[in-house]
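Numbers here simply count residues along the sequence, with the first being 1.
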Amino acid sequence: MSRRLKLLVYGVLLVCCVPFVFPTWWMATTSLKPVNEIFAFPPRLWPRDVTFDAYRQVFALQPFGQQYLNSLYIAVLVTLGTLVVSSLAGYAFARIPFRGSGVVFVVVLAGLLVPNEVTIIPLYRMFDGLGLVNTHWPLILIPMLGAPSVLATFIMRQFFITLPRELEEAGRVDGLGRFGLFWQVSLPLAKPAIGAVSIFTFLHSWNLFLEPIVFLSSKERFTIPQALTQYVDAYGGALWNVQLAAATLSALPVLVIFVLAQRQFVEGLAQTGLKG
């Protein structure tokens with residue numbers, strides 16, 4: 001491309017980025033503004049008087065540090081568990097022929113069509129009967145065995161289907177069994193799919209909202225999305241600067257993970273539809 005065409009393309013891309021970047025910029029800069037400056041007109045893109053008082057209040061009004069760690073370790077466990085379940089299930093659907101495999105796979109995919117709101121009451125009764133209400137177990141097990149895991153299984157299956165069967169035949173010649181073929185041949189080649197599954201599973205768990213407000217009642221066990229709703233004044237009005245400061249802190253892991261692994265995410269999704 002000529003230099004003018006490149007400048008034109010980059011200019012169009014920058015304009016297209018504004019609707020996505022501006023809300024994040026506004027959230028971060030507004031968290032540094034005094035309360036009286038948040039609703040000033042005309043609005044300012046950068047605070048006149050920078051203050052970090054909202055960030056101090058984030059940790060003073062409730063145990064935000066503990067809630068942050070809650071979301072972090074739950075998201076990590078859900079991501080690891082989903083990778084184990086989806087990689088094994090995806091490999092089985094892609095490489096192990098058995099009677100009715102297509103029907104079973106369609107039944108599994110049907111789980112994506114069931115809204116969370118439909119199953120939340122029976123799930124609550126089940127976990128209540130097990131004595132696991134107001135614990136983090138529901139937030140770990142439900143995503144690990146629910147719709148996010150179904151989508152992850154679909155992505156892993158589609159990737160494993162694209163792998164040449166000659167690789168497994170070579171592994172069989174070397175004496176590998178079925179699990180050895182999965183562990184030593186197929187799984188190491190599935191890094192793009194693993195990256196994609198890891199990112200969207202982590203994001204789903206990190207942003208989970210319905211399940212925490214149903215299953216958790218102690219502030220020390222709250223996760224980030226639930227904690228953000230607690231920054232209100234005595235009359236129930238939102239503490240906007242404090243909420244925006246907490247939201248800015250909650251967005252940091254998401255931005256870091258996506259920036260570091262965006263290439264694997266794109267490659268993984270691009271390769272899921274190469275072969276049916």
Side-chain angles (χ1 to χ4, degrees), residues 74-75 77-127 130 137-169 171-172 176-211 214-215 264-276:
I74 290 172
L77 290 180
V78 169
T79 301
L80 294 176
T82 301
L83 284 175
V84 172
V85 173
S86 64
S87 60
L88 289 171
Y91 181 81
F93 282 119
R95 292 303 196 192
I96 303 177
F98 59 92
R99 182 177 298 178
S101 60
V103 175
V104 174
F105 186 64
V106 171
V107 172
V108 171
L109 288 182
L112 292 173
L113 305 177
V114 181
N116 293 341
E117 293 80 4
V118 174
T119 60
I120 194 67
I121 293 178
L123 285 173
Y124 180 87
R125 295 186 60 133
M126 181 183 72
F127 283 108
L130 296 174
W137 282 110
L139 310 186
I140 296 172
L141 295 177
I142 292 176
M144 191 185 302
L145 302 175
S149 186
V150 172
L151 181 58
T153 299
F154 173 77
I155 292 176
M156 297 301 295
R157 173 189 178 271
Q158 295 302 101
F159 185 89
F160 286 134
I161 286 178
T162 64
L163 297 180
R165 292 188 176 275
E166 291 76 11
L167 296 174
E168 290 193 350
E169 293 174 359
R172 288 193 183 94
L176 293 177
R178 176 60 68 182
F179 185 79
L181 293 173
F182 164 75
W183 184 255
Q184 299 185 36
V185 178
S186 298
L187 193 62
L189 297 174
K191 290 181 180 179
I194 291 174
V197 169
S198 299
I199 291 176
F200 82 72
T201 303
F202 185 92
L203 294 182
H204 179 271
S205 178
W206 185 263
N207 295 322
L208 203 63
F209 181 71
L210 175 62
E211 285 79 0
V214 171
F215 290 104
Q264 289 79 3
F265 180 72
V266 174
E267 289 181 357
L269 293 182
Q271 297 185 36
T272 58
L274 295 180
K275 186 175 180 182

Q: Please work out which of the three classes, parallel, tilted or perpendicular, describes the rings of Phe182 and Phe179, given edges at 30° and 60°.
A: tilted
Q | Candidate pair Ile142 and Phe215, rule side-chain contact (heavy atoms from CB on, under 4.5 Å), full reasoning | A | CA-CA 11 Å; Ile142 292 176; Phe215 290 104; 3.7 Å; yes
Q | 4.5 Å side-chain heavy-atom contact, Asn116 and Leu123 | A | no
(Q) For a quick test of reading the model, state the closest non-hydrogen atom pair linking Tyr91 to Leu181 and the distance between them. (A) OH-CB, 3.7 Å
(Q) Would you compute the distance between atom CG of Leu189 and atom CG of Leu167 and round it to the nearest 0.5 angstrom? (A) 6.5 Å
Q. Tell me, do Ile155 and Phe159 make a side-chain contact under 4.5 Å, heavy atoms counted?
A. no
Q.
Are the side chains of Ser186 and Leu163 in contact, using a 4.5 Å heavy-atom criterion?
A. yes
(Q) With rounding to the nearest 0.5 angstrom, report the OG1 to NE2 distance, Thr79 to His204. (A) 11.0 Å
Q. Which atom names give the shortest non-hydrogen contact between Ser87 and Phe160, and what distance separates them?
A. O-CE1, 3.5 Å
Q.
Nearest 0.5 angstrom please: Leu141 CG to Glu211 CD, how far?
A. 12.0 Å
(Q) As an exercise, state the distance from CE of Met156 to OG of Ser149, rounded to the nearest 0.5 Å. (A) 11.0 Å
Q) Do you know the tightest heavy-atom contact between Ala75 and Ser205? A) CA-OG, 3.3 Å
Q. Roughly how far, to the nearest 0.5 Å, is CG of Leu88 from CZ of Phe93?
A. 12.0 Å
Q | Shortest non-hydrogen separation from Leu83 to Ser198 and the atoms involved | A | CD1-OG, 3.4 Å
Q.
What's the separation between atom CG in Leu109 and atom CG in Leu151, rounded to the nearest 0.5 Å?
A. 9.0 Å
Q: Might you point out which heavy atoms bring Ile161 and Ala94 nearest each other, and give the distance in Å?
A: CG1-CB, 3.7 Å
Q) Heavy-atom count around Ile121 CD1 within 6.0 Å, excluding the residue itself: above 12? A) no
Q) Would you find more than 12 non-hydrogen atoms of other residues, nucleotides or ligands less than 6.0 Å from Tyr124 atom OH? A) no
Q: Start with the C-alpha distance between Phe154 and Leu112, add both sets of side-chain angles, then the distance that settles side-chain contact (heavy atoms from CB on, under 4.5 Å), and finish with yes or no.
A: CA-CA 11 Å; Phe154 173 77; Leu112 292 173; 5.8 Å; no
Q: Kindly check if the number of other-residue, nucleotide or ligand heavy atoms within 6.0 Å of CZ (Arg178) is above 12?
A: yes
Q. So, for Leu139 and Val78, which heavy atoms are closest and what is the spacing to 0.1 Å?
A. O-CG2, 3.6 Å
